[in-house]
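A short write-up of the structure that comes next.
Keep in mind the model is a prediction, meaning the values are calculated, not measured.
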Amino acid sequence: MAEEAWFNETTRPLLEIMTESSPLVGDDPLDHVHADGRWGRTVTTLEAALTGSFSGGFCWGVLGRAADTSPATLAFAVLTGLGSGLGVGVATLVYYACKRQRVDIEVPALLAFASFWTGLVWQPTLNLAARYMDFGWAAVVVGFVGGCVFLLCLRLGRVHVVHPDRFTLARDVTLGLAIVGQEAVFACSQGPSFDRRSHIGYDILGFVSTTRGMSVGLVGLKSGAAAAIGFLIVQTCLNVVLPAGSSWNDVY
């Protein structure tokens, strides 16, 4: 009881400021503050991994395989970007509909916008990195680029929804860090892009790698799994180390 009282006393004023005009919450955002600490974060993390990471990765993989074009072309980048954006946007809408929770259209639109550009730049970045690097460094590069693009687009998208202040920035940065992990591990699904795949990360997560002879559905499942695993790895670490009220999933 004492710990719960301390949590409410110290975090409520900050959360009132952080969520005062945020588009990612409802009319009364404090109704959705996780008072149960890290367990509440874990639930939201799992939900986001399914509705965002897995769905975006699944649609990215499906459209990439169905495109039947070279991964080095602009058409491939645009199609996979559309897949990522549509997957995240539609899954977010369905998620809130299933929970019967009111949400403004700005929420899935904002996440879809950021996911589209992240998905679009991913393959060109991987193509360039794979020329000069082994799997480990290439995964780091595509993860960093993907996370930065997602964060930048999320901030740009907020301009049309709400003034992007320093409080929403802090939360967006934590989400961007999780996207870094998502995009980095997503490289495991594209094993054929690498001539040099000998790396402990690939040895562990290589089971999500796709091959050129796989069916469209299996490619989508493995691509979605790779994205969700990467997101969960980083976000779980953030859930443990970040204090209450400082992560994007403290308020939802």
Can you hop from V180 to V145 via hydrophobic side chains spaced under 4.5 Å?
no
What's the shortest heavy-atom distance between W122 and E183, and which atoms?
CD1-OE1, 2.9 Å
Which ILVMFWY residues can you reach from F58 by hopping between side chains whose heavy atoms are under 4.5 Å apart?
L50, F54, V62, V216, L221
Within one Ile-Leu-Val-Met-Phe-Trp-Tyr cluster: V141 and L128, side-chain cutoff 4.5 Å:
yes
For S246 and D250, which heavy atoms make the closest approach, and how far apart are they?
N-OD2, 3.1 Å
Least distance between heavy atoms, S55 atom then A91 atom
OG-CB, 3.3 Å
How long is the straight-line distance from CG of L46 back to CG of L232, given to the nearest 0.5 Å?
6.0 Å
Taking the side chain as everything from C-beta on, heavy atoms only, tell me whether F231 gets closer than 4.5 Å to V185.
no
Does the side chain of T168 pick up a donor-acceptor pair with the side chain of R155 at under 3.5 Å?
yes
Just distance, no hydrogens or angles: give the donor-acceptor pairs under 3.5 Å from side chains in residues 78-90, sequence neighbours left out.
| unit_1 | atom_1 | unit_2 | atom_2 | d |
| --- | --- | --- | --- | --- |
| T80 | OG1 | F76 | O | 2.8 |
| T80 | OG1 | A77 | O | 3.0 |
| S84 | OG | S115 | O | 3.2 |

Looking at Q123 and P71, what are the two nearest heavy atoms and their distance?
CG-O, 3.4 Å
When clusters are formed by joining ILVMFWY residues with side-chain heavy atoms under 4.5 Å apart, either directly or through shared neighbours, do L152 and V159 land in the same one?
no
On a heavy-atom basis, which atom in G147 and which in I179 lie closest, and how many Å separate them?
CA-CG2, 4.1 Å
Just verifying a value: how many Å separate Q235 CD and L242 CG, rounded to the nearest 0.5 Å?
7.5 Å
Going from CG on N249 to CG on N239, what distance comes out if it is rounded to the nearest 0.5 angstrom?
5.0 Å
For T125 against V121, the heavy-atom pair lying closest together
OG1-O, 2.6 Å
Atom pair CG/CG of L154 and D172 - distance to nearest 0.5 Å
4.0 Å
Is there a path of hydrophobic side-chain contacts, each under 4.5 Å between heavy atoms of I, L, V, M, F, W or Y residues, that connects V107 with Y95?
yes
Please report the interatomic distance CZ(F113) to CD(E106), rounded to the nearest 0.5 Å.
14.0 Å
L74-L63 co-clustered via ILVMFWY side chain contacts under 4.5 Å:
no
